[in-house]
Participant: 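Below is a structure I'd like to ask you about.
Sequential numbering from 1 along the given sequence is applied to the chain's residues.
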Amino acid sequence: MEAGWANMKPGMGERPVELMAWLEQAGRLRSLGQFTAPDELVLSAFGSQTLLTCGVDKIDANGMWQRMWQNLLLQHKGTSHKTPGWSAGVNLEALVVPIRDAAADGSQGLLQPLLKGVTARTCPTSVFSLPAVKAVVDFKWNTWAYRCLLYELGLFVVWLSFYIAFTLLFEEETATEPLPVIASTTRGMATLACSAAALLSMLPFMWMEACTLSAYHLKGWVNFWNLLDIASYLLQGVITFAHWDRRGVAQTWFPVILSVQHVVLFTKLHFFARVLSPEGGNLVLDGLRILTEDLRWFLAFLGLTILGFAFAFYSLFRQDREDGSDFSNFWHAVASMVSYITAMFDMNIFYNARNPVASILLFFAFEFVVYILLLNIMIAIMASSFSKIGKDDTVRLTLHKAQIIDELATTLPKWLKRREWTPPFIHCLSQVHPVSAAFEPAVTEVMSGMEAKLLNSNQDMQARLDVLQTRVEVTGKQVQLLANLTAELASAVATPAAVQEDMRDDVQPGGGGHF
């Protein structure tokens, strides 16, 4: 730390543990001061945001940070006019990220080293909840990344639209017709043009994928979205080549890859939707990923159970296969087990079987084990997983924004980038809530009173316990004394009886004896 700011150390991204420890010390937002602004300006500027950011060349903005923020607030006001009525001032606090070049691109900045650490599982995702990291993400996102993402989304919609148009036009095409015959019609030319346009629209995304792979290398590049991208590129290339070549159009696999490409492209839309919602409510696939991780071993056990019952039914219905039952072959048996889970079955199959009693008993066993026990256990696991999904949605939203920011920064050409996208320092502005500050002494007083009451209650309880213990000890001594007195009394009663018995023994039997 020099001159009030810290520098990113070279190679720190390769040591995420050291980076985390350094961030906890050097990455805390530093306060520059507070000032008051009209509420109409604050509401217009902040909107639903909790933090405003801007980039500057100096850590203290040459001591003019207050004027800088006041000018920015006036710019956010735009042409809106002050509405008549009650107005008040809002306390604002100016902060700064004390890390020089935290907004730099690539490994020289703050985001890419953290993303590599998260990808390698050597850095927790909670690092994106740190104020300094969130400030960098918010600055980049609001300054340029959000706008670039919309351009990328528009290009992807063009690709998707051309592909949908191609599949709709292809429905009227005869698979056996050669290419010259197809090109001789207006509809055929439109089909070929949409096929080629879909392929050309895909090329910018292939360039982005290659740049990301070069930056992260294969180990850090592999994830669900990148693999889905590769699948879409391969499918689009095969579809376009097969359609123009005409030899694969008549094959049975061609409609299969057409339908798979539709699923892949519409799934890729969630890549954009997960960050376009301000509240992060579009994290559908992330929720499914967490749910799958929690259910993976249970699903494996459920699959093995279904296979076991499929083998059992397939063997039991050996003599009924000629009747066209649900178990005519093994794959039909597996499909029947899956349909039985959804209550799609016909009991007549078991009533009319060669072994009806065994068939019905096996069916009841399957329903009890799978439908009643295992499915309810799965529902309980899913409920527990969904309760965890909503806890870290803000952190995951910040992480997804950082991933998109770094991908765009890696792939955009230099002539498109602007110097203001990577300023040396990032300043922040947050609201100070005086109501909370006013209530803080009262809350503290209440908490102190509750602590005092609890302490007094504990002391009173301890005193009562001490008195009770003393009384128990006194009672014990009294009981012991009473026991001793009872023993002495019993001994005293027993002594005269023994003396009288001895005196009887001394008297001789017989008559008339005298001294």
Participant: Which heavy atom of Ala333 sits nearest to which heavy atom of Ala310, and what is that distance?
Facilitator: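 The pair with the smallest heavy-atom distance is CB-O, 3.8 Å.
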Participant: Considering all heavy atoms of both residues, which atom of Phe139 and which atom of Trp421 are nearest to each other, and what is their separation?
Facilitator: CE2-O, 3.6 Å
Participant: Looking only at heavy atoms, what is the nearest atom pair of Leu29 and Ala132, with distance?
Facilitator: CD2-CA, 4.1 Å
Participant: Quick check: do Ile182 and Arg246 have side-chain heavy atoms less than 4.5 Å from each other?
Facilitator: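 They are in contact (side-chain heavy atoms under 4.5 Å apart), so the answer is yes.
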Participant: Are Thr240 and Gln236 linked by a side-chain donor-acceptor pair shorter than 3.5 Å?
Facilitator: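 There is such a pair between these side chains.
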Participant: Between Asn329 (side chain only) and His332 (backbone N and O only), is there a donor and an acceptor less than 3.5 Å apart?
Facilitator: yes
Participant: For the side chain of Asn376 and the backbone of Ile372, is there at least one donor-acceptor N/O pair under 3.5 Å apart?
Facilitator: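 Yes: the side chain of Asn376 pairs with the backbone of Ile372.
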Participant: Between Ser195 and Leu192, is there a donor-acceptor pair closer than 3.5 Å when you use the side chain of the first and the backbone of the second?
Facilitator: no
Participant: Looking only at atom types and distance, does a side-chain atom of Thr167 sit under 3.5 Å from a main-chain N or O of Ile164, one as donor and one as acceptor?
Facilitator: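 Looks like yes, one N/O pair under 3.5 Å.
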Participant: With the side chain counted from C-beta on, respond yes when Phe46 and Leu92 share a heavy-atom pair under 4.5 Å apart, and no when they do not.
Facilitator: yes
Participant: With rounding to the nearest 0.5 angstrom, report the CG to CG distance, Leu295 to Leu291.
Facilitator: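 Answer for the CG-CG pair, Leu295 versus Leu291, is 4.5 Å.
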Participant: Counting only heavy atoms not in Trp253 (residues, nucleotides, ligands), do more than 12 fall under 6.0 Å from its CH2?
Facilitator: yes
Participant: Checking Gln112 against Asp105: is there a side-chain donor and acceptor pair closer than 3.5 Å?
Facilitator: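 No - no donor-acceptor pair under 3.5 Å links their side chains.
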Participant: Quick one: OH on Tyr371 to OG1 on Thr342, what's the gap to the nearest 0.5 Å?
Facilitator: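 With rounding to 0.5 Å, OH (Tyr371) is 8.5 Å from OG1 (Thr342).
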Participant: Between Lys140 and Asp406, does any NZ, NE, NH1 or NH2 come within less than 4.0 Å of an OD or OE carboxylate oxygen?
Facilitator: no
Participant: Answer yes or no: is there a side-chain heavy-atom contact under 4.5 Å between Gln403 and Trp225?
Facilitator: no
Participant: Quick one: are Phe156 and Leu269 in side-chain contact, heavy atoms under 4.5 Å?
Facilitator: yes
Participant: Are any non-hydrogen side-chain atoms of Phe317 and Asn355 less than 4.5 angstrom apart?
Facilitator: no
Participant: In the structure I gave you, are the side-chain heavy atoms of Leu115 and Leu399 within less than 4.5 Å of one another anywhere?
Facilitator: yes
Participant: Do Trp144 and Leu408 have side-chain heavy atoms sitting under 4.5 Å apart?
Facilitator: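 Trp144 reaches Leu408 side chain to side chain.
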Participant: Might you point out which heavy atoms bring Ile239 and Phe254 nearest each other, and give the distance in Å?
Facilitator: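 Ile239 and Phe254 have their closest heavy atoms at O-CE1, 3.9 Å.
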Participant: Which atoms form the tightest heavy-atom contact between Val395 and Thr125, and what is the distance?
Facilitator: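 Where Val395 meets Thr125 most closely, the heavy atoms are CG1-O, 3.2 Å.
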Participant: Can you tell me if Phe241 has over 12 outside heavy atoms packed within less than 6.0 Å of its CZ?
Facilitator: no
Participant: Just do the ring-ring contact (aromatic ring centres under 6.0 Å, His included) check on Phe363 and Phe345 with the steps written out, would you?
Facilitator: CA-CA 10 Å; Phe363 173 74; Phe345 53 83; 4.9 Å; yes
Participant: Show your working on side chain to side chain donor-acceptor pair (under 3.5 Å) between Asn142 and Gln49 and close with a plain yes or no.
Facilitator: CA-CA 11 Å; Asn142 296 325; Gln49 303 179 76; 3.2 Å; yes
Participant: With a 3.5 Å cut-off and sequence neighbours excluded, list the donor-acceptor pairs that the side chains of residues 203-215 form with protein atoms.
Facilitator:
from, atom 1, to, atom 2, distance (Å)
Trp207, NE1, Thr411, O, 3.3
Glu209, OE1, Tyr233, OH, 3.3
Glu209, OE2, Trp221, NE1, 2.9
Thr212, OG1, Met208, O, 2.9

Participant: Counting neighbours of CE on Met347 that are heavy atoms of other residues, nucleotides or ligands and sit closer than 6.0 Å, is the number greater than 12?
Facilitator: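 Yes - once you tally the heavy atoms of other residues, nucleotides and ligands closer than 6.0 Å, there are more than 12.
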Participant: Quick one: sort the Phe313 and Tyr340 rings into parallel, tilted or perpendicular, breaks at 30° and 60°.
Facilitator: perpendicular
Participant: Might you confirm whether atom CE of Met378 has over 12 heavy atoms from other residues, nucleotides or ligands at distances under 6.0 Å?
Facilitator: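 More than 12 heavy atoms, drawn from other residues, nucleotides or ligands, come within 6.0 Å of this atom.
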Participant: Under a 3.5 Å distance rule, please check whether Glu93 uses its side chain to pair with a backbone N or O of Leu429 as donor and acceptor.
Facilitator: no
Participant: Considering non-hydrogen atoms only, spot the tightest contact between Ala103 and Thr422 and give its length.
Facilitator: O-CG2, 3.4 Å
Participant: Give a yes or no on whether the ring-centroid distance for His243 and Phe166 is below 6.0 angstrom.
Facilitator: yes
Participant: Is any side-chain heavy atom of Phe162 less than 4.5 Å from a side-chain heavy atom of Leu200?
Facilitator: no
Participant: Okay, side chain of Thr174, backbone of Glu177: is any donor-acceptor separation there less than 3.5 Å?
Facilitator: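 Pair absent, no side-chain N/O of Thr174 close to backbone of Glu177.
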Participant: For Arg318 and Tyr314, indicate whether the former's side chain and the latter's backbone hold a donor-acceptor pair under 3.5 Å.
Facilitator: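 No, because the side chain of Arg318 does not come within donor-acceptor range (under 3.5 Å) of the backbone of Tyr314.
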Participant: Would the distance check show the side chain of Ser384 and the main-chain N or O of Ala380 forming a donor-acceptor pair, the cut-off being under 3.5 Å?
Facilitator: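 Here the side-chain-to-backbone pair does not exist.
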Participant: Ignoring hydrogens and geometry, is there a side-chain-to-backbone donor-acceptor pair from Asn226 to Val222 under 3.5 Å?
Facilitator: no
